[in-house]
Amino acid sequence: MSIQSHSDKRVTTHVLQEMKLRSEKISMLTAYDFSMAKILDDAGIDILLVGDSASNVIAGHETTLPITLDQMIYHASSVIRGVKRALVVVDLPFGNYQGDSKNALQSSIRIMKESGAHAIKLEGGEFVQESVRRIVSAGIPVMGHLGLMPQSIYKFGTYTVRATEEMEAAQLIKDARLLEELGIFALVLEKIPANLAKQVAQTIRIPVIGIGAGGGVDGQVLVTHDMLGITKEFEPRFLRRYASLYEDMKKAFENYHSDVKSGKFPTDKESY
Ligand code: KIV
């Protein structure tokens, strides 16, 4: 298998736009801590998303709703310390932008100032337009997120594919155009039909990054713990597992446990 080389040039929103123009696909994965961010950055991943999926895979909550702004800032500042090249984008947590655009701007400013991150992401279209307008006008790069929006899970009631009906698909295209007009630099589309995602990517000029949205978009994102096989129960069709770390880590822990119990660890060579 050939390894895609990457330049050491820092990834900026401008670089991502150039990648779209020359049809170079964009890679994006989630990161929540320093050690993982360093590995992801060394591997050449273009965008690290400090996702509110930390609420699920780090904190063990059922949904993304409970995570707080302080917790997102803590994760983001840990990630930033591990990164030399990638663009770091941070999710605005639930409750920090939906109702009040001034709160949205204040929360975004706190993320940028206190973590050193490069951009924020938020979910939704026309309902959050005032927040997007205000944040963008403060000079903060914004990534949008449409389709399946996990922060609205109690409204949807299910994590199944979105926008399969004509009306919802038309609203999604309208929202994507509106977000582009408002000045977002990229858009995530989650769990929607591949044809619709491709149509959006061909309609708007900014990069479109898909998760469960097929190959016709400008880049792909996955939750790192899922693609590494650390999480086991989550098995959507779109998820490709690149490792089986749950099994590998469990084996390592079992070996350590048994070496400690039997006295095989440490040896004289491992002692002072
Ligand atoms: O929080 C997250 O991990 C995300 C991705 C699923 C895009 O928003």
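Start at 1 and go down the list; that is how both ligands and their atoms are numbered.
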What is the closest protein heavy atom to atom 7 (C) of ligand 1, and at what distance does it sit? Leu49 CD2, 3.7 Å
Where is the nearest protein heavy atom to atom 3 (O) of ligand 1: which residue, which atom, and how far? Ser53 OG, 2.5 Å
At under 4.0 Å between heavy atoms, which part of Thr64 makes contact with ligand 1: side chain, backbone, both or neither? neither
Is it the side chain (CB and beyond), the backbone, both or neither of Val223 that lies under 4.0 Å from ligand 1, heavy atoms counted? side chain
Would you say the side chains of Asp175 and Gln171 form a donor-acceptor pair under 3.5 Å? yes
Does any donor atom in the side chain of Thr231 or Asp226 lie under 3.5 Å from an acceptor atom in the other side chain? yes
Going by the angle between their ring planes, with limits at 30° and 60°, are Tyr32 and His75 parallel, tilted or perpendicular? perpendicular
Decide whether an N or O pair under 3.5 Å exists between [X] and ligand 1.
X	result
Asp91	yes
Glu190	no
Lys121	yes

How close do [X] and [Y] get, counting heavy atoms only, and between which atoms?
X	Y	answer
Thr158	Leu148	O-CD1, 4.1 Å
Met149	Gly124	SD-N, 3.3 Å
His118	Arg10	CE1-NH2, 3.5 Å

Element-labelled atoms of ligand 1 that are located less than 4.0 Å from some non-hydrogen atom of [X]:
X	value
Thr30	3 (O)
Gly51	1 (O), 2 (C)
Ile211	6 (C)
His145	8 (O)

Salt bridge or not for Glu247 and Lys232, using N-O below 4.0 Å? yes
Lys250/Glu254 salt bridge by N-O under 4.0 Å criterion: yes
